[in-house]
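Chain A is the first sequence line, chain B the second, and so forth, proteins listed ahead of strands; every chain is numbered from 1. Computed from a predicted structure; not experimentally measured.
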Amino acid sequence: MDILDNLTDPQREAVVHMDGPMLVVAGAGSGKTRVVTRRIAHLVSRGVWPNQILAMTFTNKAANEMKERVEALAGARPPWVGTFHSMCARFLRRDIDKLDDPRDGSFTIYDEDDRLSVIKSCLRDCHVAPGTVSAAAVRARISSAKCRVQDETADVVFANDDSDALDETLCHAYEKRMRELNALDFDDLLLLSVRLLASKPALRDVYHGRFRYLLVDEYQDTNRLQYLLMKLLTGPSRNVHATGDPDQSIYSWRGAEYRNILDFTTDYPDAKIVRLEQNYRSTKLILRSANELIRQNTRRLEKELFTENMTGIPIRVAAAQSDREEAQAVVGQVMELRLEGVSLREMAVFYRTNAQSRPLEDVLLSAHIPYQIVGGLRFYERKEVKDALAHLRLLVNPRDAVSLQRVVDCRATGVGRKTLAALLGQATEDGLPIMEFLADTDFPKRYRGRCGAKLAAFAAWCAELRRLPRTPVGNATAAVLEYSGLIEHYKEREDTDPLAEGRLANLNALLERANEYQEQTPEAGVDAFLEEVALVADVDYHDPDTESLALMTLHASKGLEFPYVFIVGVEEGYLPHENVAWNEDAVEEERRLLYVGITRAKQAVYLSYAATRYLWNEMQYRTPSRFVDELPTDEVEFVGRGAHRASKRRRWDAW
DNA sequence: CCTATATAGATTTTT
DNA sequence: TCTATATAGG
């Protein structure tokens with residue numbers, strides 16, 4: 001297929017663009033991926049080397065898709081296509097020791113959960129009374145301080161209007177601790193990359209020489225750090241290409257500033273702007289409803305998508321008496337579609353919060369309909385998987401005391417919290433990584449605390465752990481799983497603990513993934529595998545080829561498309577979510593969220609809400625979302641008991 | 001000081 | 001429903 005085949009004029013314009021800044025404002029379903037991949041292929045066909053192109057996405061899935069499609073078109077796989085975070089990790093593995101304030105390139109990447117553990121230990125260190133300060137609040141403060149740095153120097157200011165001295169102390173304690181642990185959080189990956197490029201002009205020149213073309217996907221979701229990073233990576237040639245859609249900005253709660261996309265022309269006044277407004281995905285009726293909904297947002301760039309697709313059928317809005325009835329209605333419709341010959345692969349159910357999957361799962365299970373939950377409790381965040389990974393992490397980073405803590409907690413070793421804290425204090429004092437401290441043959445002499453037989457045995461166990469093979473990954477994982485005793489632990493419990501079987505299965509799944517990874521990249525070590533694991537989202541694991549119904553949050557649905565889309569729980573409290581219902585900007589984001597969900601659909605959209613719902617074992621009365629009223633009444637079909645107007649009245653009756 | 005058991009508390013979205 | 005923290009027993 002030729003690179004320029006089957007393109008509309010604006011699409012072609014974007015594809016053939018060579019040098020200079022360009023912004024592609026790509027509406028939902030307007031063929032953005034096609035344009036981006038073809039442009040890369042076009043660059044390659046015009047003599048640009050694939051490794052001179054750097055493309056940043058938000059998910060691995062988007063990155064992989066891009067790589068595959070470019071390979072199919074251009075016959076070459078561009079190696080520098082990945083998520084912001086994975087690209088930054090790659091930069092830092094190489095050059096983090098060149099920072100003014102250098103770090104070790106073997107750092108461990110901490111997820112949000114690990115971060116909380118660090119903060120909790122800081123709270124203890126700072127003698128904060130339990131229950132007085134929320135660790136999650138401290139984490140939010142740290143994260144937002146990092147994501148809102150002023151300029152390229154990327155100096156983090158922890159103080160703000162409503163912070164007190166304790167807040168600041170905790171933030172600094174966290175930073176100090178992370179350094180001791182040789183760990184970086186997600187924000188650090190971006191932050192330190194910015195700092196590195198900003199402070200080392202020579203290094204920046206090297207990157208500019210290497211990456212002649214820069215592409216940024218989902219530009220509306222970039223935060224301050226990602227924005228700064230993009231500016232720093234843009235060399236004197238200014239070959240920067242951003243794509244995005246302000247109407248699909250749904251991550252402001254994580255620091256994303258959709259202003260970035262609106263301000264692109266301020267940053268690059270000579271930028272070429274291409275607007276893709278023809279939708280190739282949805283029917284006319286779906287698109288018209290979506291347009292009408294998003295039109296209610298006041299702070300937006302005027303834009304009206306159109307399509308030449310069929311008119312289709314109206315969006316259906318169903319009222320249900322209860323969450324269970326709602327789930328049954330969805331599953332009933334799914335079965336009906338199946339009878340009509342629609343495959344489960346062609347349908348998906350979206351909801352606002354992960355917890356909403358439960359009633360659906362119950363009904364799907366009893367109806368024997370296979371389903372897959374995308375996201376939710378992520379595979380790598382499951383307790384037993386994290387425990388296993390903690391062992392692996394200790395092989396790579398001997399300073400990772402958070403992982404050691406997990407290792408201690410997950411199995412009765414005879415060593416507890418207090419002892420570990422004392423050991424860690426001693427190791428820090430000696431300037432030794434905790435694992436080396438324990439593995440030291442002089443350990444009993446060095447350790448000034450009580451050193452009983454149990455502790456000595458544990459130290460010996462740790463020393464042995466570090467001697468396990470690290471390559472190849474599959475074998476290393478197998479060895480660690482065996483040595484950790486985790487498998488044995490759950491096997492013993494299989495008869496008594498109903499959860500044990502599932503946990504064993506997850507451990508085996510982890511092993512399988514390690515083996516897969518080994519097959520794909522035989523030379524890779526445990527470190528590479530851990531990095532992969534730290535930076536994947538479960539959206540990346542959505543398998544569109546298995547015959548099963550996909551269930552996911554609205555956030556996870558972005559970038560996907562399905563012929564038939566169900567959106568459940570379209571109620572006040574969920575859409576907009578109760579936490580933000582009084583904040584006008586946030587409500588606009590919730591509206592965009594529903595817009596994203598609706599525009600995933602090709603053929604049909606089924607919205608539903610329930611009058612009652614069980615939450616925390618308590619029955620709650622619910623009212624339809626205000627967004628339902630914003631859909632064009634004459635182009636939407638209301639169905640179900642006590643349809644729309646009745647429920648609307650009920651809302652007022654309630655007051 | 002460690003471990004096992006009971007109870008609370010949590011849930012908005014995620015790289 | 002599940003996990004992390006508080007409590008009691010050893």
At under 4.0 Å, does any side-chain N or O of [X] touch on OP1 or OP2 of [N]?
| X | N | answer |
| --- | --- | --- |
| A:Asn60 | B:dT15 | no |
| A:Lys454 | B:dC1 | no |
| A:Thr553 | B:dT14 | yes |
| A:Arg406 | C:dA4 | no |
| A:Asn354 | B:dT11 | no |

*First of A:Thr419 and A:Glu578 reached from the 5' end of DNA chain B, by closest nucleotide*: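 Nearer the 5' end of the strand: A:Thr419.
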
*Would you kindly compare A:Val415 and A:His555 by the position of their nearest DNA chain B nucleotide and give the one closer to the 5′ end?*
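Nearer the 5' end of the strand: A:Val415.
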
*On a whole-Å scale, what distance lies between the C1' atoms belonging to C:dA4 and B:dT13?*
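Each nucleotide's C1' atom is 23 Å from the other's.
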
At under 4.0 Å between heavy atoms, what does [X] touch on the DNA or RNA strands: base, sugar-phosphate, or nothing?
| X | result |
| --- | --- |
| A:Tyr251 | sugar-phosphate |
| A:Arg139 | nothing |
| A:Phe58 | sugar-phosphate |
| A:Lys120 | sugar-phosphate |
| A:Glu112 | base |

*Strictly by modelled atom types, are A:Thr57 and A:Asp217 linked by a side-chain donor-acceptor pair under 3.5 Å?*
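Per modelled atom types, A:Thr57 and A:Asp217 side chains form no pair under 3.5 Å.
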
*For the residue pair A:Gln356 and A:Arg358, confirm or rule out a side-chain donor-acceptor distance under 3.5 Å.*
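There is no such pair between these side chains.
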
*Flag this pair as yes if the NZ/CZ of A:Arg254 is under 6.0 angstrom from the six-membered ring centre of A:Phe186 and inside a 45 degree cone about the axis; otherwise no.*
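No; the conditions do not both hold, so A:Arg254 does not lie above the ring face of A:Phe186.
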
*Have a look at A:Ile294 and tell me which of A:Asp247, A:Thr599, A:Ile598 forms a side-chain contact (heavy atoms from CB on, under 4.5 Å) with it.*
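Answer to the side-chain contact (heavy atoms from CB on, under 4.5 Å) test with A:Ile294 among A:Asp247, A:Thr599, A:Ile598: A:Asp247.
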
_Is the base of B:dT12 stacked against the aromatic ring of A:His577, taking ring centres under 5.5 Å apart and planes under 30° as the test?_
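Stacked: centres under 5.5 Å apart, planes under 30°.
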
*Can you check whether A:Trp253 stacks with the B:dT13 base, using ring centres under 5.5 Å and planes within 30°?*
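According to the criterion (under 5.5 Å, under 30°), yes, A:Trp253 stacks.
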
*Send over the distance from A:Arg613 CZ to B:dT12 P, rounded to a whole Å.*
15 Å

*Can you name the side chain to side chain donor-acceptor pair (under 3.5 Å) partners of A:Tyr574, sequence neighbours left out?*
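With sequence neighbours excluded, A:Tyr574 shows a side chain to side chain donor-acceptor pair (under 3.5 Å) to no residue whatsoever.
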
